[in-house]
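Numbering starts at 1 and runs along the sequence shown. Because the structure is predicted, anything quoted here is derived from the model rather than measured.
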Amino acid sequence: MSYNNNGNAVAAADPLPGKKTKLQSSRSWVSIVATGESETLDVDKYAIMHRVQIHARDLRILDPNLSYPSTILGRERAVVLNLEHIKAIITADEVLLRDPSDENVIPVLKELERRLPSSAANNDADAAEEDDSPFEFRALEVFLEAICSFLAARTTELETAAYPALDELTSKISSRNLDRVRKLKSAMTRLTARVQKVRDELEQLLDDDDDMADLYLSRKLSSASSASSSPNCYLTSPTIGSKISRASRASLATARGDENDVEELEMLLEAYFMQIDSTLNRLTTLREYIDDTEDYINIQLDNHRNQLIQLELVLSSGTVCSAFYSLVAGIFGMNIPYTWNDNHGYMFKYVVILTGAICVILFTFIMSHARYKGLVGS
């Protein structure tokens, strides 16, 4: 609080309005229930932790300011999901999605609102038979489909830009084309790492049945409710109580047997694992194509380098022959008086012709020897 010249109180301006707005937007969540209705929530992390009953370390995975790999964690009453831009918490009856105003999250939110009430809000029996999966599996399927489609679209864009650039580089090696391919290769490396993280997370889930069983939130909720209601069975007579007790133990044993049945989730994860693996294979093929192009460019550069070396050999041989010619000219050009130079002017032309012939013969001999040794091409 500050005061002006008249003594009136003036509210102090926020020194960092942009940071405050960013902090408030980072707290933004949207809740989607089984009926498809959504509600925007502007709460802090403690309210979210109390709402879905998870620890702070699990919620920290969804912090956009921290760098965490793609993760799907099954907890007692929630599934914490961090897949690229999709950061969500799935419970047995609602989905909490972070940053709903993000341009990549908006299509996911619309798809959740469209697909979640398919069997919960509709009374059509056929629709219920088509999708009788638990609520958490329907939400998980929407997220997996969205992230697989997103990464596949990024891969398609990269392929569309990379293959013509590589073909252009093979036809014309220039600094511009080389820099363009370098940037595409860097983008491919980053995208491959992102796809690999999602694939590894799905593979890790498929390899561990206990982790997959932790994602059955509805089944755990029904088992907990059955266990909590079982003590009421002993309020009757001993005979009836023993019969009900045996039936209760049998039902609990069946429930425990069902806890090991993860076939439905395994089929769901396998479908999207194959899709993300196909995307990774496309990136691997693109990387191999880039490596082949680099090998081809290196072969071309080596060929040009060899041609320059051959040219240097020819020029060096010519220089040696010219040096011999210059040596003879230098000897006869010295200003030293000697008697045999008198009355022998006709010898000039013979000296010039003979020296030139020796230089030509010497050059021919050097080149023939180099060609015989394979130092120059035929």
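Applying the ring-ring contact (aromatic ring centres under 6.0 Å, His included) rule to Y289 yields the partners Y163; only residues at least two apart in sequence or on another chain are considered. For R282, the side chain to side chain donor-acceptor pair (under 3.5 Å) partners two or more places apart in sequence, or in a different chain, are T156, E159. Not counting sequence neighbours, F363 has no partner by the ring-ring contact (aromatic ring centres under 6.0 Å, His included) test. By the side chain to side chain donor-acceptor pair (under 3.5 Å) test, D214 pairs with no residue at all, sequence neighbours left out. Taking the salt bridge (charged side-chain N to carboxylate O under 4.0 Å, His left out) definition, one finds that E157 meets it with R154, sequence neighbours left out. With sequence neighbours left out, the side chain to side chain donor-acceptor pair (under 3.5 Å) criterion links E37 to no other residue. Residues satisfying the side chain to side chain donor-acceptor pair (under 3.5 Å) criterion with E84, sequence neighbours excluded, are R194. Shown here are the ring-ring contact (aromatic ring centres under 6.0 Å, His included) partners of H369, two or more places apart in sequence or in another chain: there are none. Taking the ring-ring contact (aromatic ring centres under 6.0 Å, His included) definition, one finds that F273 meets it with nothing, sequence neighbours left out.
Looking only at distances, a side-chain donor or acceptor of N298 sits under 3.5 Å from a matching main-chain atom of E294. Judged purely by atom type and a 3.5 angstrom limit, Y216 uses its side chain to pair as donor or acceptor with the backbone of L265. For Q196 (side chain) and L280 (main-chain N/O), no donor-acceptor pair under 3.5 Å exists by modelled atom type. In this structure, the side chain of N177 engages the main chain of K172 through a donor-acceptor pair within 3.5 Å. The backbone N or O of R219 lies less than 3.5 Å from a partner atom in the side chain of S222, making a donor-acceptor pair. Put simply, the side chain of S278 never gets that close to the backbone of M274: no donor and acceptor are under 3.5 Å apart.
Closest heavy-atom contact between R75 and L217: O-CD2, 3.8 Å. For the residue pair V95 and F143, the shortest heavy atom distance occurs at CG1-CZ, 3.6 Å. Nearest approach of M49 to H55, heavy atoms of both residues: CE-C, 4.3 Å. The heavy-atom pair separating P100 from I106 by the smallest distance is O-CG1, 3.4 Å. Residues A161 and L184 approach most closely at O-CD1, 3.5 Å, considering heavy atoms. Taking both residues in full, the closest heavy atoms of A78 and V52 are given as CB-O, 4.1 Å, listed atom of the first, atom of the second, then distance.
Here salt bridge (Lys or Arg N to Asp or Glu O under 4.0 Å) pairs that include residues 195-204, with residues two or more places apart or in two chains, are R199-E203, R199-D277. Applying the side-chain hydrogen bond (donor to acceptor under 3.5 Å, both in side chains) test to residues at least two apart or on different chains, none of the pairs has a partner in residues 318-329.
I147 contributes atom CD1, which lies 9.5 Å from atom CG of N82 (distance to the nearest 0.5 angstrom). We find the CG-CZ distance between L81 and R98 to be 14.0 Å, quoted to the nearest 0.5 Å. From L206, atom CG reaches atom CG of L269 across 5.0 Å, with rounding to the nearest 0.5 Å. Rounded to the nearest 0.5 Å, atoms CG (N306) and CG (L301) are 11.0 Å apart. To the nearest 0.5 angstrom, I276 atom CD1 is 9.0 Å from S70 atom OG. A distance of 5.0 Å separates CG in L109 from CD1 in I32, rounded to the nearest 0.5 Å.
Tracing side-chain contacts under 4.5 Å through hydrophobic residues (I, L, V, M, F, W, Y), one never reaches V33 starting from V142; they form parts of separate clusters. Two different hydrophobic clusters hold F365 and F324 under the rule that ILVMFWY side chains link at heavy-atom gaps under 4.5 Å. A continuous path of ILVMFWY side-chain contacts below 4.5 Å connects V43 to L96, so both sit in one hydrophobic cluster. Cluster membership check: W29 shares its hydrophobic cluster with L66, using side-chain heavy-atom separations under 4.5 Å among Ile, Leu, Val, Met, Phe, Trp and Tyr. Linking ILVMFWY residues whenever their side-chain heavy atoms come closer than 4.5 Å, directly or via other members, places I54 and Y68 in the same cluster.
Under 4.0 Å is where a charged nitrogen must lie from a carboxylate oxygen, and between R176 and E168 at least one such pair does. One finds no salt bridge joining D63 and R60 here, because no Lys/Arg side-chain nitrogen approaches an Asp/Glu carboxylate oxygen to under 4.0 Å. Look at R138 and E141 and you find no salt bridge, because none of the NZ, NE, NH1 or NH2 atoms lies under 4.0 Å from a carboxylate O. The existence of a salt bridge linking D179 and K183 is confirmed by a sub-4.0 Å separation between a basic side-chain nitrogen and an acidic carboxylate oxygen.
Residues E76 and Q53 fail the side-chain proximity criterion, which asks for heavy atoms closer than 4.5 Å. Put simply, the side chain of L202 reaches to within 4.5 Å of the side chain of I72, judged on heavy atoms. Between V181 and T293, the closest side-chain pair of non-hydrogen atoms is not below 4.5 Å.
Cluster partners of L311 are L315, counting Ile, Leu, Val, Met, Phe, Trp and Tyr whose side-chain heavy atoms approach within less than 4.5 Å, directly or via other members.
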**OP:** Carefully, step by step, assess L178 and L169 under the rule side chain to side chain contact (heavy atoms under 4.5 Å, CB included).
**Re:** CA-CA 7 Å; L178 287 173; L169 179 61; 3.6 Å; yes
**OP:** Would you please test E39 and E94 for side chain to side chain contact (heavy atoms under 4.5 Å, CB included) and show each step?
**Re:** CA-CA 11 Å; E39 178 186 2; E94 73 170 343; over 6 Å; no
Subject >> Pair T91-R77, side chain to side chain contact (heavy atoms under 4.5 Å, CB included): steps then yes or no >> reply: CA-CA 6 Å; T91 64; R77 297 188 180 182; over 6 Å; no
**OP:** Go through the steps for L308 and H304 under the test side chain to side chain contact (heavy atoms under 4.5 Å, CB included), then give the verdict.
**Re:** CA-CA 6 Å; L308 291 175; H304 293 162; 5.6 Å; no
